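Please read the structure below before turning to the comments.
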Amino acid sequence: MTIDELYEIGQNFRKQLEGFSAEIHVCCSGGCFSTGGLALKELFEKACAARNISADVRIISTGCIGLCGAGPLVRLFPSETLYVKVQREDVERIVDEHIVGKRVLTELAYPADAPFFAKQQQIALKNMGRIDPESIDDYIAHGGYEALAKAITYYTQDGVILEVRSSGLRGRGGAGYPTGLKWSIVRKVKSTQKYVVCNADEGDPGAFMDRAMIEGNPHAILEGMAIAGYAVGATQGYVYVRGEYPLAIERLKKAIKQAERTQMLGNRIFDSDFNFRVDLRIGAGAFVCGEETALMASIEGRRGQPRPRPPYPSQSGLWGMPTLLNNVETFANIPPIILNGGKWFAGIGTEKSKGTKVFALAGRIANTGLIEVPMGMPLREIIFDIGGGIPDGGEFKAAQTGGPSGGYIPMQHLDIPVDYESLAQVGSIMGSGGLIVVDKTSCMVDLARFFMEFCMDESCGKCIPCRVGTVQLFKILDRMTTGAATVQDLHTLEELCDMVKDTSLCGLGQTAPNPVVSTLHFFRREYDEHILKHECNAGVCEMPALDEPAPVAAAVPAVPAVSAAETVPAAEAPAGKKNGGSKKKST
Amino acid sequence: MDKIRLATAWLGGCSGCHMSFLDLDERLIDLHGRAEVVFSPVMDVKRYPENVDVALVEGAVANSDNRELLETIRANTRILIAFGDCAVNGNVTAMRNGIDRDEMLKQIYGDIGKELGRSIYSPLPVLEETVLPINKVVTVDAFLPGCPPHADLIWHVITELLEGRIPILTEEQLKYG
Amino acid sequence: MSNTEIETAKKAEPKAVDNRFKYLDRALAKHQFRGDALIEVLHTAQELFGFLSQDLLTYISKSLKLPPSKVYGVATFYHFFSLKPKGEHTVTVCMGTACYVKGAGELLAAAEHQCKCKAGETTADGKVSIQSARCVGSCGIAPVVVYDNEVAPVVTPEGITSRLQTWLEAAS
Amino acid sequence: MDEIKTLTIDGEIVSAPSSATILDAAMENDLHIPTLCNLQGLDAVGACRLCLVEIQGQNKLQPACTTRVEENMVVQSKSARLQKYRRMIVEMLFAEGNHICSVCVANGHCELQNLGYEVGMDSVRFDYVYPTKKVDATHERFVLDHNRCVLCTRCVRVCDEIEGAHTWDVAGRGIGTFVVTDLAGDWGGSGSCTSCGKCVLVCPTGALFDKGKAVGEMSKNSDFLEYIVNAREKKQWIK
């Protein structure tokens, strides 16, 4: 396979596309897949066949188009009109009015200039939702594997790394470690075997960017990994995907087979001496496996338990060999950087945080979905312009970034630019991109408890501060939501947060206290109200009002045949401290 | 210097610590000169007095009586000391915590167990669901672990208190079990 | 099935061989019986047999030449693998943040109340298992519940109770 | 070639080969740093976090048992913060299990107990978890009491690295973690256990002990480890 043959494939496919007078793209990723995307596609096919126009109308199921909250989504080409909340009965009308009659159904169409799409700048998500994820030719027709061809034929290994360094790209997994620097370290270590690993564990609850990217454009990730393999001298790659994403796993398996068949992967890629294979490793439900050393332990078939660093994976990773480990979004950014050059990428974003970032907007927000914005965009713009604000008259309370390791950004910091440094200053972290908006119906103490229960259940149990510390933190937070906590508990809570943060072995333990510290910092009043006045302004926590005596022990039977003469004082039975155990609460 | 008002109490424990207290032997006479014991299981006092200076509380909180007495002691005492392993960490008394209280009562007392130990109207106090060391129920000023703490250690603590200092036990003095 | 029964079952004439073992052997061979493919093999075993019985774990540890305690350690570490048989149906309530803020806690409480068992357990009659998932990645349509492997969007407490009702009443 | 590095630990200048860890260097110059999961002769896992030290120029605390020595490294192992954290770790260990010293066979011979004295723990501020844990007395010579297990994994490592039987391993996750033999069956019925007793010798607490021996007869001595490692690696039999 030479570059010319690659262009040829692209050329032929584009010629085929011109043959169609119209295209119908039905979104079949994530949310839309579950709300019947596939069924809609079949209905469109039947409708077109009935009107025997299926010859010149191309109907495909695509990856995530972005506006998940308004799914199922259908986008029609060439006019690029986007129809939202498409029901089964709308199919006939769309085919008749739009495809045949060439008139846009305004009541179903999403305004073309709406900020949700207008304010975005898509690099990693560029082809997603526009190509058929299961067709390598469609990917090639949109410039796919061109970067790999260019990297192998025109760039030296160091040349590729220089391009990535000059782009200023930093790890999109959350820590923001400079990608070029990491590549150059793995490149310099002498070793017979090196590995490239894509971290697609995406354990943060409320984050679905990696899932959408893999389902919508799997080849972009494979191409990014191949370029990385070429640059650092690795011949084997692994994609570690969460077991909870069956569709993503299917799409990746198909993409790898297609890439091998068209010699984008395997031996002598683009007739060079560069060989690169990619295998899948499927996670089995462990949030800790998002941490790099635990992920590698899991790939090696062991318990996903982190190990102390140094030595860092770039020097000694999988089976002791140098291993380059990056996130899905980081790899997805590599092909555009190689094609357009590092300088172009460095021109976007802020001084220290270059390029764009993909966010998964969710929670109490009108436009839940997937967006990609340049670094440094103010949070207010993301939530209120792109996100469409809080639905049904809700009032913004805080935005949560970084999942169980992140923090909350309250009203007064709505205008901070969203980049690594500014988020760190307000006590949160960029994280992988989950952005959950909460309004007045959520109680911050209850949310702190929710995340601590998550970390307690997901702790691997290896080191004491995290294994036992998260349980103690959870017990205190649980007592606070049931009105059984004391002021001394609040002091122990703060002391414990510092200790668990400073002494835990890996990122899970070190960041587990972040949500607590963040809510303590910005919403201290809610903690005091819970402890001193047993009040929860969000109405989430059920606590006994203070002036009544503690509730009589539940197990008190009817009055037994004790001699009536004895007047037993109506002493309150002990409100015995309930010991641990998670408590289900209604919200 | 008038005598300090000293109290000792016996919650959910085996009274071994009080035996060790009595092992002070001749030092008890010396103690008698400097402290006035105002409440103790070895004395015939029914109601816990007010403004007690120091209370040595032995045993864990295993039932409602223990809890009531402990809360009364805390309310009327300046310095409360957790006396012995049961008071400090629940020790043997807390070994039943792994078993569900109601199942245990049913197993031991059969049907009448339903009321026994569970209702405030039954003759016995209500058993706590979980036996707790006393620092989980009230704030405690000093701890004296040991099962039982050695008489010399008790004497060291008492003399420190008589000089008005709350003792911090060193590595050599600390002894569990 | 004790280990010897497995061996005899395999040597018996093809009809009697439990073909699930054929697929398991194929997965083992695909990974060249390497020890580090333990998790991939456990995935296949869980899909084929529904849960990881003691005999299955013994068979896998022998085939991969791994110490049984290591296989047990890995099998009990990951949320996906279960050592106990699952119910005919599995209802999985997503407890990710996006779903939690939209009432997933209520859904789980409703399910637990109706099936009279806690998350992670199976109803007494073995019909329904309740699971809670960390996040299934469909936050756009929160709160989400997965019935067996069909993802249901924007579920209400009434919705989950009626759906479970049909499962509970269906003749097993 | 193993370069020799010089570094300062708690103000004292020491030297150590570059392959040595900070803990090696400290122990060689009998500077005491508290440890629990570490045992000379076994792989270090850095799990208990008791040996964390402050290193000048690094804001993160590093475990002395796994961090290699570097030239001109300045190490502090006795700062107030570290001592506070160590006490909290020991308190957490006591809160997590059912450690009742007065009725324990290892009373007076237990590393956890000694750590309690060392960090000056006179009480536990955390909530006791009071877990319900089993005792396995099926082995004819040894007994395992999960209530006293601190999950330091020394037994797992000695059985894997020195004896080679790998009978022991860790199962479960988080606070529910526990040690198992083979497929968590009875220890007595284990097919792989060679009954060598090395795990009992290295266990720091009363979790693994000789059946039938009383408190007085209890003795825990892991010198055999160094003896075997020297014999195996250096072909020297130093007793």
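Please read these numbers as outputs of a predicted model, since none were measured by experiment. Here is the naming used below: chain letters follow the sequence lines, and residue numbers restart at 1 for every chain.
- Between A:Gly304 and A:Val288, the closest heavy-atom pair is O-CG1, 3.1 Å.
- For a residue to count as touching a neighbouring chain, one of its non-hydrogen atoms must lie under 4.5 Å from one of that chain's; by this rule A:Leu67 does not touch chain C.
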Item to check | Worked verdict on A:Asp446 versus C:Tyr100 for side-chain hydrogen bond (donor to acceptor under 3.5 Å, both in side chains) | outcome: CA-CA 11 Å; A:Asp446 177 62; C:Tyr100 184 76; 2.9 Å; yes
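- For chain C, the nearby part of A:Phe451 is the side chain; its heavy atoms alone come within less than 4.5 Å.
- Between chain A and the options C:Thr92, C:Val154, C:Val74, the largest number of non-hydrogen pairs under 4.5 Å is found for C:Val74.
- Comparing A:Ser298, A:Ala362, A:Ala286 by heavy-atom pairs within less than 4.5 Å of chain C, the highest count is held by A:Ser298.
- One finds no salt bridge joining C:Arg134 and A:Asp204 here, because no Lys/Arg side-chain nitrogen approaches an Asp/Glu carboxylate oxygen to under 4.0 Å.
- Salt-bridge formation is detected for the pair A:Arg277/A:Asp279: a Lys NZ or Arg NE/NH1/NH2 atom is positioned less than 4.0 Å from an Asp or Glu carboxylate oxygen.
- Using a 4.5 Å cut-off between heavy atoms, A:Arg242 touches chain C through its side chain atoms alone.
- Chain C forms more heavy-atom pairs under 4.5 Å with one residue of A:Ala248, A:Gly243, A:Gly369 than with any other, namely A:Gly243.
- Of the two parts of A:Leu370, neither the backbone nor the side chain holds a non-hydrogen atom closer than 4.5 Å to a non-hydrogen atom of chain C.
- For A:Ile282, the parts lying under 4.5 angstrom from a heavy atom of chain C are both the backbone and the side chain.
- For C:Phe49 and C:Phe21, the distance between ring centers is under 6.0 angstrom.
- Residues C:Asp25 and C:Tyr59 bring a donor and an acceptor atom of their side chains to less than 3.5 Å of each other.
- For C:His113, no part lies near chain A; criterion is any non-hydrogen pair under 4.5 Å.
- Of the listed residues C:Val146, C:Ile141, C:Leu107, the one with more heavy-atom pairs under 4.5 angstrom with chain A than any other is C:Ile141.
- Using cut-offs of 30° and 60° on the angle between ring planes, the pair C:Phe80 and C:His43 is perpendicular.
- Heavy atoms of A:Ala207 lying under 4.5 Å from chain C belong exclusively to its backbone.
- Of the residues considered (A:Glu202, A:Met209, A:Arg211), A:Arg211 shows the highest number of contacts with chain C, using heavy-atom pairs under 4.5 Å.
- By the 4.0 Å N-to-carboxylate-O rule, A:Arg281 lies close enough to C:Asp36 to be salt-bridged with it.
- Contact count versus chain A (heavy atoms, under 4.5 Å) is highest, among C:Cys139, C:Ala152, C:Ala75, C:Ala110, for C:Cys139.
- For the set C:Pro153, C:Gly73, C:Ala142, the entry with the most heavy-atom pairs within less than 4.5 Å of chain A is C:Gly73.
- Using a 30° and 60° split on the angle between ring planes, A:Tyr195 and A:Tyr238 fall in the tilted class, from 30° to 60°.
- Taking NZ of C:Lys116 as the start and OG1 of C:Thr123 as the end, the distance is 10.5 Å to the nearest 0.5 Å.
- For A:Cys289, the part lying under 4.5 angstrom from a heavy atom of chain C is the side chain only.
- Between chain A and the options C:Cys94, C:Ala37, C:Ala98, the largest number of non-hydrogen pairs under 4.5 Å is found for C:Ala98.
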